There are 2 protein chains.
Amino acid sequence: MKLSTRSRYGLRAMIFIARNREQVLSSDVIAENEDVSKKYLDRILMRLREANLLRSVKGQGGGYVLARPAGEIRTDEIIAALEGSLCLVECVDDPSACEKSGDCRTRRVWSRLAVAVKASLRAISLEDLAHGEDA
Amino acid sequence: MKLSTRSRYGLRAMIFIARNREQVLSSDVIAENEDVSKKYLDRILMRLREANLLRSVKGQGGGYVLARPAGEIRTDEIIAALEGSLCLVECVDDPSACEKSGDCRTRRVWSRLAVAVKASLRAISLEDLAHGEDA
DNA sequence: GCATAATATACCATTATGGTAGATTTAATG
DNA sequence: CATTAAATCTACCATAATGGTATATTATGC
């Protein structure tokens, strides 16, 4: 139940981009600033673009900008995009994933957990992270 | 950020044991009931014993019983024992795990998440799961 | 001493993670 | 139009974690 580096690097990158609002930032610049390999970051940024959280601009002077205002992007979207899904256990979203889900007593644990995780992340916007008080 | 089968099988096993209160249940019986390979379950039960959630009885007629009353065992303990720890990101418990943790804006996300996960699991006791209403 | 059951140790296949490499496309700019 | 900077695409790879098996050993009741 560890969070991947993808999520950690990706969220950091999103915050960095949000803090440089109007500028188009190349993956090169972001990678240098965040101290991550550019090649690896490339793939992370692509995921974020595919999830419509970033817009990309090709060619010289190109790079990435937020697809929407930071205030409208919530952390749950970002992590879901990077992890593939926020879902911790299949059967919560898809009861047919386990033939026992009908009378499964553990399922309610996973359901409650899913709600708690989602709510916790949803409560924080990218704007909060980029421009809120530090520490 | 997927939950391992260890946690899923392990929690199911704990519930089964709790529902058969006074009886000493062999891993054989539990495995059959829960439809999991005995060998794999053995290792899961060992983890739960090492975490002092189960007591084991060796030899013929032996098996496992709860180490404490079900009402005193909370789900967060069980999952922590099975996952190794509930911690999603190192730096939350151990700031020195990341040299950026001093002024890291993502850290507060992970901290809040950790609190939410723990609280959500702690709110449910094994007794609730074993004898609460179904579905 | 035999059957049963936990325990210990070692092993293994598959998948996910965390990356790297190289070629290709796109667009700005001189 | 050639150059260059940038995203994008595809393929690859090493390592670790997951999920599980096999085998031998130890303890206990009968």
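Only a predicted model underlies this, so the values are computations on that prediction, with no experimental measurement involved. Here is how names work: the chains are called A, B, and so on, in the same order as the sequence lines, proteins then strands, and each is numbered from 1.
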Kindly say whether A:C87 contributes a backbone atom to a donor-acceptor pair with the side chain of B:K2 at under 3.5 angstrom?
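Side chain of B:K2 to backbone of A:C87: a pair is present.
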Quickly, which of B:R68, B:R122, B:K118, B:R47 forms a salt bridge (charged side-chain N to carboxylate O under 4.0 Å, His left out) with B:E77? Name it, please.
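The option that passes is B:R68.
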Is the phosphate of [N], meaning OP1 or OP2, less than 4.0 Å from a side-chain N or O of [X]?
| X | N | answer |
| --- | --- | --- |
| B:S27 | C:dA6 | yes |
| A:S37 | C:dG18 | no |
| B:R6 | D:dA17 | no |

Nearest of [options] to any side-chain atom of [X]?
| X | options | result |
| --- | --- | --- |
| A:S56 | D:dG19, D:dA7, C:dA5 | D:dA7 |
| A:K58 | D:dT23, C:dA6, C:dT25 | C:dT25 |
| B:Q60 | C:dA3, D:dT21, C:dA6 | C:dA3 |

Length of the line joining [X]:[atom1] and [N]:[atom2], which is rounded to integer Å:
| X | N | atom1 | atom2 | value |
| --- | --- | --- | --- | --- |
| B:E34 | D:dG19 | CD | P | 17 Å |
| B:D28 | C:dT4 | CG | P | 10 Å |
| B:L25 | C:dT4 | CG | P | 18 Å |
| A:E83 | C:dA16 | CD | C1' | 11 Å |
| A:M46 | D:dA11 | CE | P | 13 Å |
| A:D42 | D:dT10 | CG | P | 15 Å |
| A:L82 | C:dG18 | CG | P | 12 Å |
| B:L41 | C:dA8 | CG | C1' | 17 Å |

On DNA chain C, nearest-nucleotide positions of B:R43 versus A:Y40: which is more 5'?
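Counting from the 5' end, the first nearest nucleotide belongs to B:R43.
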Pairwise 5' ranking along DNA chain C for B:Y64 and A:K38, keeping only the more 5' one
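Nearest nucleotide further toward 5': that of B:Y64.
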Pick the nucleotide of DNA chain D nearest each of B:G59 and B:T5; which residue has the one closer to the 5' end?
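Final value for this comparison: B:T5.
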Given that B:Y9 and B:K39 both sit by DNA chain D, which one's nearest nucleotide is further toward the 5' end?
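Final value for this comparison: B:Y9.
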Whether B:R21 and B:E127 form a salt bridge (side-chain N of Lys/Arg under 4.0 Å from carboxylate O of Asp/Glu) is what I want to check.
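The answer is yes: the pair qualifies as a salt bridge.
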Charged N to carboxylate O under 4.0 angstrom, A:R8 versus A:E34?
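A:E34 and A:R8: not salt-bridged.
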Atom pair CD1 (B:I30) and CG (B:L41), whose distance is rounded to the nearest 0.5 Å:
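Reported value, rounded in 0.5 Å steps: 6.0 Å.
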